[in-house]
Amino acid sequence: MDQETRSQTDTVLQDAKLWLREQAAARQEMFTQLSEAVAEGKVQEARGLLTRVNAIAAHDRTDTETQTAGAAAGFLAGMLRQQEETAQKLHAAAEAKEEARRRAARQKTEALQQIRATLRTLRRHSRTMLGTEQRRRVAMLTDLAAKAGDQLSRSEVKQIEAWKARMQRDRKTAAPEERAQPGGRRR
C-alpha cells in the first residue's frame, strides 16, 4: 500500500476502535443504569432499560451483563406478581363490600315485608287480639322499623307511630285498673 492509502486505513481503523470503545462504554453505562434502577426499585425505569438492553445488547453478553439482565427480569416479574396480588385483594375487598351492601339491602327488604305483614295483622285482628300480643307486635314493629330505615313510606311510619302511641295510652289506662284488681294481673 502506498503511504496515503496506509494513512487513510490507519485513520479509519482508529475511528473504528474509538467507536467500539464508545459503544462498550455506552453498553456498560446502560447495564449500570439498569442495575441501579433495580437496586432503587424504580420499576418504570428498569422496564424501559431492560427493554433497551434486550434490544441493543442481547448478544455477546458478559456474565455480569447476563446476571444484571436476569436480576432486572426477576425484579420486574416480582413487581408484576405483587401488583397482581394487590389487584386481587382490591377486587376481593370490592366484592365483599358489594356483598355486604346487597345483604343489608336484603335485610331492609325483609324487614319492610315483615312490617307490612304485621301492620296488616294488627289492623285486621286488633279487636280480637290480646293486649300482650298487640304490645309484642308493636315492639317488633319498632325493631323492624330501625332495620328497614329509609325503605318505609311516610304512611307506614305514621301507622307505626300511631300503634306505639296507642300502646302507650293502653298502658296508662290499664295501670289504674291493674292496681284496682287483686293481684294486679294484666289482660
Side-chain angles (χ1 to χ4, degrees), residues 1-119 139-157 160-161:
M1 277 198 264
D2 64 13
Q3 185 67 17
E4 188 178 325
T5 307
R6 185 181 276 278
S7 176
Q8 288 176 347
T9 305
D10 287 343
T11 303
V12 169
L13 191 55
Q14 287 175 353
D15 288 346
K17 287 179 182 178
L18 178 63
W19 182 83
L20 286 172
R21 281 194 300 269
E22 288 173 353
Q23 289 300 310
R27 182 177 176 139
Q28 184 178 358
E29 177 61 24
M30 197 170 33
F31 277 97
T32 300
Q33 288 176 354
L34 177 60
S35 180
E36 289 171 358
V38 170
E40 294 172 6
K42 295 179 179 177
V43 176
Q44 294 299 332
E45 188 175 336
R47 184 176 291 131
L49 285 167
L50 183 60
T51 301
R52 190 167 172 216
V53 160
N54 285 337
I56 295 172
H59 62 283
D60 298 330
R61 287 184 180 168
T62 66
D63 289 342
T64 304
E65 290 174 344
T66 301
Q67 288 174 352
T68 300
F75 165 71
L76 291 172
M79 293 306 292
L80 180 62
R81 276 191 306 276
Q82 202 173 43
Q83 288 174 346
E84 288 172 350
E85 289 170 4
T86 301
Q88 287 174 348
K89 287 177 185 176
L90 290 173
H91 182 69
E95 282 183 357
K97 186 177 180 181
E98 179 61 20
E99 180 57 32
R101 186 199 62 76
R102 283 189 210 121
R103 186 174 24 258
R106 275 192 306 272
Q107 288 173 345
K108 280 184 173 186
T109 301
E110 289 169 4
L112 184 61
Q113 289 171 347
Q114 286 181 317
I115 287 170
R116 289 176 177 163
T118 303
L119 285 172
M140 184 176 74
L141 277 176
T142 303
D143 292 340
L144 290 171
K147 289 179 185 176
D150 61 348
Q151 299 291 314
L152 291 171
S153 68
R154 286 186 198 159
S155 171
E156 291 163 338
V157 170
I160 292 169
E161 292 302 319

Excluding sequence neighbours, so at least two apart, what forms side-chain hydrogen bond (donor to acceptor under 3.5 Å, both in side chains) with [X]?
X	answer
Asp63	none
Glu161	Lys164
Lys147	none

Applying side-chain contact (heavy atoms from CB on, under 4.5 Å), name anything that partners [X], two or more places apart in sequence or on another chain.
X	answer
Ser35	Thr68
Ser155	Ser153, Gln159
Asn54	Leu50, Arg61

Open item on the list: Taking salt bridge (Lys or Arg N to Asp or Glu O under 4.0 Å) as the definition, give me every residue that meets it alongside Arg116, ordered by chain and number, with sequence neighbours left out.
Closed with: Glu156

Open item on the list: Once salt bridge (Lys or Arg N to Asp or Glu O under 4.0 Å) is applied, do any residues pair with Arg103, and if so which ones, sequence neighbours excluded?
Closed with: Glu99

Please report the shortest heavy-atom distance between [X] and [Y], naming the atom on each side.
X	Y	answer
Val38	Ala71	CG1-O, 4.4 Å
Ala111	Leu144	CB-O, 3.8 Å
Leu34	Ala69	CD2-CA, 4.3 Å

Task: Residue Lys42 excluded, over 12 heavy atoms near NZ under 6.0 Å - done: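 Not buried by this count: 12 neighbours or fewer within 6.0 Å.
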
Side-chain donor-acceptor pairs of residues 20-31 under 3.5 Å, sequence neighbours excluded:
residue	atom	partner	partner atom	Å
Arg27	NE	Glu65	OE1	3.3
Arg27	NE	Glu65	OE2	3.0
Arg27	NH2	His59	O	2.9
Arg27	NH2	Asp60	O	3.3
Arg27	NH2	Glu65	OE1	3.0
Glu29	OE2	Gln33	NE2	3.1

Indicate every side-chain donor-acceptor pair of residues 4-18 with a distance under 3.5 Å to a residue at least two apart or in another chain.
residue	atom	partner	partner atom	Å
Thr5	OG1	Asp2	OD1	2.5
Thr9	OG1	Thr5	O	2.7
Thr11	OG1	Ser7	O	2.9

TODO: Working to the nearest 0.5 Å, report the span between CD1 of Ile160 and CD1 of Ile115.
DONE: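 Rounded to the nearest 0.5 Å, the CD1-CD1 separation comes out at 4.5 Å.
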
Side-chain donor/acceptor pairs under 3.5 Å, residues 75-98, sequence neighbours excluded:
residue	atom	partner	partner atom	Å
Thr86	OG1	Gln82	O	2.9
His91	NE2	Glu95	OE2	2.6
Glu98	OE1	Arg101	NE	3.1
Glu98	OE2	Arg101	NE	3.2
Glu98	OE2	Arg101	NH2	2.4

